[in-house]
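In what follows, a structure is listed as structure tokens, so that the remarks can point back to it.
By convention here, the first residue in the shown sequence is residue 1. Atoms considered below: every heavy atom in the structure, side chains included; atoms not considered: hydrogens, waters and symmetry mates.
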Amino acid sequence: RRAIVSATSTHKPDRITITTTNVTTQTEQHWLRFSGQVQGNVPHRADNNHTPEKDALVQIVVPDSDVPSDAWQQAGRLYNYLPTDIQTKLPFHINGDFYPSTDRKSIDIGHDRHRTWNKQVLQALGDCFADALPYLLEHFQDEPLQLYQRLPIRSADELVEEPIQQQFFEAVADLPIFRTKEGWRKKDETRWVSRELRPIVTDNTHQLIDPRLMEADIERAAQVLIDALSVREYTLDDLLRRIQRDVQSGCSLKHGPAYLCTDEQLNRLYSVFERPIAQDYVSQIRQTPIFIDHNATLWTAGQCVKTRD
């Protein structure tokens, strides 16, 4: 059984509830249906130029968080008002009045008129999803992993998915699409961190030390976005600058900041210095008070004296 609650404004989706009942249980799933319009002229019937042959309405149907992933994650379905056998790599369903191919297993690109219209429909679907992004960001603001699973960021098929994906990346470039320590931020306000630095960018309460950083699982889920939008890396230089700002020479280790106040944390930092990642930062390392003396006090390299055992 299906029930539809229509959108209360043009910026919100219709809410579709699908109820499944068996002998002992009843379950509900909810989907969000966004609508848009094909821009440009609509094809008309050849035998009657006043009668439209196609409908300009397009729709994208996104699963809400209560829909099991196996119901949608592997492939979205292309609808031409009725479901077709065409499965896309999109994590949502799309509906448009396409011209199908002769075997109805794809959309028609063999006829100029059909190809032009189908391209317009895909463009409109891309615009539709781009327009839906602000709502989806708000709707899934407390569930970033759920949001990333519903974005068209996987490898795309050139025919169907690529036009929609292209519109998405153009739209998302100016949106706060990354969930960082201090909330949703735009790409220029976000940093990703390498696997080598990940263990030393959290403090002793497991909090990230920089508001621009993402938790590890969120960063993994957003990796395609990070690459596509050229998000800057949080480097060892950034970390050393942070330490130089927070730690004064002569500071006791135990009185250091929450991310550098124990022997374990200091040893994790030293282990990074032994890796190739640190080779370009020798000068900055020497100028940073992270060298510990016999009194557990921190100094720069130039303030230390090397002794024999």
Gln123 side chain to Gln167 main-chain N or O, any donor-acceptor pair under 3.5 Å? no
Would a 4.5 Å heavy-atom cut-off, applied to side chains only, mark Ile60 and Leu90 as touching? no
A quick test of your reading: do over 12 heavy atoms of other residues, nucleotides or ligands sit less than 6.0 Å from CD of Gln248? no
Using only atom types and a distance under 3.5 Å, with no angle test, would you say the side chain of Tyr270 pairs donor to acceptor with the backbone of Ile290? yes
Measure the shortest side-chain to side-chain distance between Val42 and Trp117 over non-hydrogen atoms and say whether it is less than 4.5 angstrom. yes
Nearest 0.5 angstrom please: Asp246 CG to Cys261 SG, how far? 12.0 Å
Contact summary for Pro63 and Arg150, nearest pair of heavy atoms: O-NE, 2.6 Å
N/O donor-acceptor pair under 3.5 Å between Asn95 side chain and Tyr81 backbone: yes
Just wondering, more than 12 heavy atoms not from Asp66 lying within 6.0 Å of its CG? yes
Residues Ile226, Met214; criterion side chain to side chain contact (heavy atoms under 4.5 Å, CB included); working and verdict: CA-CA 11 Å; Ile226 290 170; Met214 296 170 279; 3.6 Å; yes
May I ask you to decide whether Arg241 forms a salt bridge with Asp237, counting only side-chain N to carboxylate O separations under 4.0 Å? yes
Looking at Trp192 and Glu219, would you say the former's side chain and the latter's main chain have a donor-acceptor pair under 3.5 Å? no
Could you tell me whether the side chain of Asn118 and the main chain of Asp108 form a donor-acceptor pair under 3.5 Å? yes
Inspect the contact between Asp112 and Arg115 and indicate whether a charged nitrogen and a carboxylate oxygen are less than 4.0 angstrom apart. yes
Less than 4.5 Å apart, side chain to side chain, heavy atoms only: is that true for Ile153 and Phe168? yes
Hydrophobic cluster membership, Tyr79 vs Val160, 4.5 Å side-chain cutoff: no
Indicate yes or no for a side-chain donor-acceptor contact from Gln207 to the backbone of Asp203 under 3.5 Å, with no hydrogens or angles considered. no
The side chain to side chain contact (heavy atoms under 4.5 Å, CB included) partner of Arg232 among Arg212, Lys187, Arg191 is Arg191
Smallest separation among heavy atoms of Ala124 and Gln37, with atom names: CB-O, 3.6 Å
Considering only heavy atoms from C-beta outward, does the side chain of Thr190 approach that of Leu229 to under 4.5 Å? no
If you compare all heavy atoms of Gly96 against all heavy atoms of Val58, which two are closest, and at what distance to 0.1 Å? CA-CG1, 4.4 Å
Leu253 side chain near Ile292 side chain, heavy-atom distance below 4.5 Å: yes
Check: Phe98 main-chain N/O paired with Asn80 side-chain donor or acceptor under 3.5 Å: yes
Between Gln29 (side chain only) and Ile18 (backbone N and O only), is there a donor and an acceptor less than 3.5 Å apart? no
Where Asp293 and Asn295 come nearest, the two heavy atoms and their spacing: OD1-N, 2.9 Å
Do Phe34 and Asp131 come within less than 4.5 Å of each other through their side chains, counting heavy atoms only? no
Below 4.5 Å, heavy atoms only, C-beta onward: do Tyr148 and Val224 meet side chain to side chain? no
Any link between Val193 and Leu225 through a network of hydrophobic side chains (Ile, Leu, Val, Met, Phe, Trp, Tyr) touching at under 4.5 Å? no
Taking atom NZ of Lys119 as the centre, does the number of heavy atoms from other residues, nucleotides or ligands within less than 6.0 Å exceed 12? no
Should Phe140 and Arg179 count as side-chain neighbours, where that means a heavy-atom distance under 4.5 Å? no
Looking at Asn41, I want to see if its CG is surrounded by more than 12 non-hydrogen atoms of other residues, nucleotides or ligands under 6.0 Å. no
I'd like to know whether Thr288 forms a side-chain hydrogen bond (donor to acceptor under 3.5 Å, both in side chains) with Gln244, so could you lay out the CA-CA distance, the side-chain angles of the two residues, the decisive distance to 0.1 Å, and finally the verdict. CA-CA 6 Å; Thr288 305; Gln244 291 169 6; 2.8 Å; yes
Show your reasoning for whether side-chain hydrogen bond (donor to acceptor under 3.5 Å, both in side chains) applies to Ser249 and Gln303. CA-CA 9 Å; Ser249 291; Gln303 295 169 320; 2.8 Å; yes
Interatomic distance, CG@Leu213 vs CD@Glu182, rounded to 0.5 Å, equals 10.5 Å
Nearest-0.5 Å distance that lies between atom OG1 in Thr202 and atom OH in Tyr259: 12.0 Å
Tell me whether the rings of His114 and His111 are parallel (<30°), tilted (30 to 60°) or perpendicular (>60°). tilted
Nearest-0.5 Å distance that lies between atom SG in Cys128 and atom CD1 in Ile94: 10.5 Å
Return the minimal non-hydrogen interatomic distance between Tyr281 and Leu236, and the atom names on each side. CD1-CD2, 3.8 Å
Test your reading of the model: is there a side-chain donor-acceptor pair from Thr180 to the backbone of Pro211, 3.5 Å cut-off? yes
Are Val272 and Tyr234 connected into the same hydrophobic cluster when the rule is that any two of I, L, V, M, F, W, Y join if their side-chain heavy atoms are below 4.5 Å apart? yes
Residues Ile209 and Ile200: closest non-hydrogen pair is CD1-O, 4.2 Å
Tell me whether Val201 shares a hydrophobic cluster with Ile277, the cluster being built from Ile, Leu, Val, Met, Phe, Trp, Tyr side chains joined at under 4.5 Å. yes
Honestly curious: do Ile243 and Phe291 fall in one hydrophobic cluster under the side-chain, below-4.5 Å linking rule? yes
Would you say CG of Leu175 has more than 12 non-hydrogen atoms from neighbouring residues, nucleotides or ligands within 6.0 angstrom? yes
Checking Glu215 side chain against Leu208 main chain: does a donor-acceptor pair fall under 3.5 Å? no
